[in-house]
Amino acid sequence: MDSNPPRNPVFLVFPPEIAIPEFQSTDFTATTYESSSPFPKLLAAKMKVLGTIQIVLGLMNFSFGVVFLFTFENPYPRFPFIFVSGYPFWSTLLFINSGAFLIALERKPTETLVARSRIMNFLSALAATAGIILLTFGFILDQHYFCGYSEEVSQCQPVTTLFIGILTMLMAFSIMELLIALSFSISKSNLDCCDSEA
């Protein structure tokens, strides 16, 4: 006896819209687009980062200047030398402007913007150099600023340490700004490749 039942053929009928199309070859072509920026990618990223650092350094200088504003309290009859010189405030304007010019130059490089960026970075380098000199005088003139006026020796040492720490941070910010600003105000080979549009 045969255990396999008889098999009937099955026909599949597909409607015309579902019919499997024949394989068609398609040619894919790759199109390359050049960046609109004439700077190499690494230099453009470096300009953006260093411009941002310049802006942050300017804001930090300003915030330390505001801290010095609160030192005009008894028993201290005068402001520290670095506050009187105004360095934390006028340097802020130059540092922020030079950083903004670097960021703008990375976005839309033109010959005019390159020239202005170089001028602003040169002025920032001069301001940072002047700041280093003024801060050195500040260290010399005001090293006993708090202890000279304070009657209580217990308050003198911690506040003097804080004061010297703020002057040290301002010195570090000025040195960093000097290095960043000089690197872009002096380097000509990297920034000469810009569009001639104004």
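Note on Ile103: it does not cluster hydrophobically with Met47, by side-chain heavy-atom contacts below 4.5 Å among ILVMFWY residues. If you chain together hydrophobic residues whose side chains sit under 4.5 Å apart, Val84 and Leu93 never meet in one group. In the hydrophobic clustering of ILVMFWY residues, with side-chain heavy atoms under 4.5 Å counting as a link, Ile175 and Ile96 come out apart.
The distance from atom CG of Leu102 to atom CZ of Arg107, rounded to the nearest 0.5 Å, is 12.5 Å. One distance of note links OG of Ser174 with CE of Met169; it measures 11.0 Å at 0.5 Å rounding. Here OG1 of Thr92 is found 8.5 Å from OH of Tyr87. Values are rounded to the nearest 0.5 Å. Interatomic distance, Leu105 CG to Arg118 CZ, rounded to the nearest 0.5 Å: 9.0 Å. For the atom pair Ile140 CD1 and Phe81 CZ, the distance stands at 10.0 Å (nearest 0.5 Å).
When all heavy atoms of Ile82 and Ser85 are compared, the closest pair comes out as O-OG, 2.7 Å.
In summary, the side chains of Ser91 and Asn61 do present a donor paired with an acceptor at a separation below 3.5 Å, with no hydrogens or angles considered.
Taking the six-membered ring where the residue is Trp, Phe68 and Phe163 present perpendicular rings, their angle passing 60° and hence far from 30°.
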Show the atom names and distances, to 0.1 Å, of all donor-acceptor pairs under 3.5 Å that link a side chain in residues 125-134 to residues at least two apart or in another chain.
{"residue": "Thr129", "atom": "OG1", "partner": "Ala125", "partner atom": "O", "Å": "2.8"}

Which donor-acceptor pairs under 3.5 Å do the side chains of residues 49-60 make with protein atoms, sequence neighbours left out?
{"residue": "Thr52", "atom": "OG1", "partner": "Lys48", "partner atom": "O", "Å": "2.8"}
{"residue": "Gln54", "atom": "OE1", "partner": "Gly99", "partner atom": "N", "Å": "3.3"}
{"residue": "Gln54", "atom": "NE2", "partner": "Ser98", "partner atom": "OG", "Å": "3.3"}
{"residue": "Gln54", "atom": "NE2", "partner": "Asn121", "partner atom": "OD1", "Å": "3.0"}
{"residue": "Gln54", "atom": "NE2", "partner": "Glu177", "partner atom": "OE2", "Å": "2.9"}

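At least one side-chain heavy atom of Thr136 sits under 4.5 Å from a side-chain heavy atom of Met171. A heavy-atom distance below 4.5 Å is found between the side chains of Ser124 and Phe95. With a 4.5 Å cut-off on side-chain heavy atoms, Thr168 and Phe139 count as touching.
Open room surrounds CZ on Phe137; 12 or fewer heavy atoms of other groups in view lie less than 6.0 Å from it.
Aromatic pair Phe122/Phe184: centroids not less than 6.0 angstrom apart.
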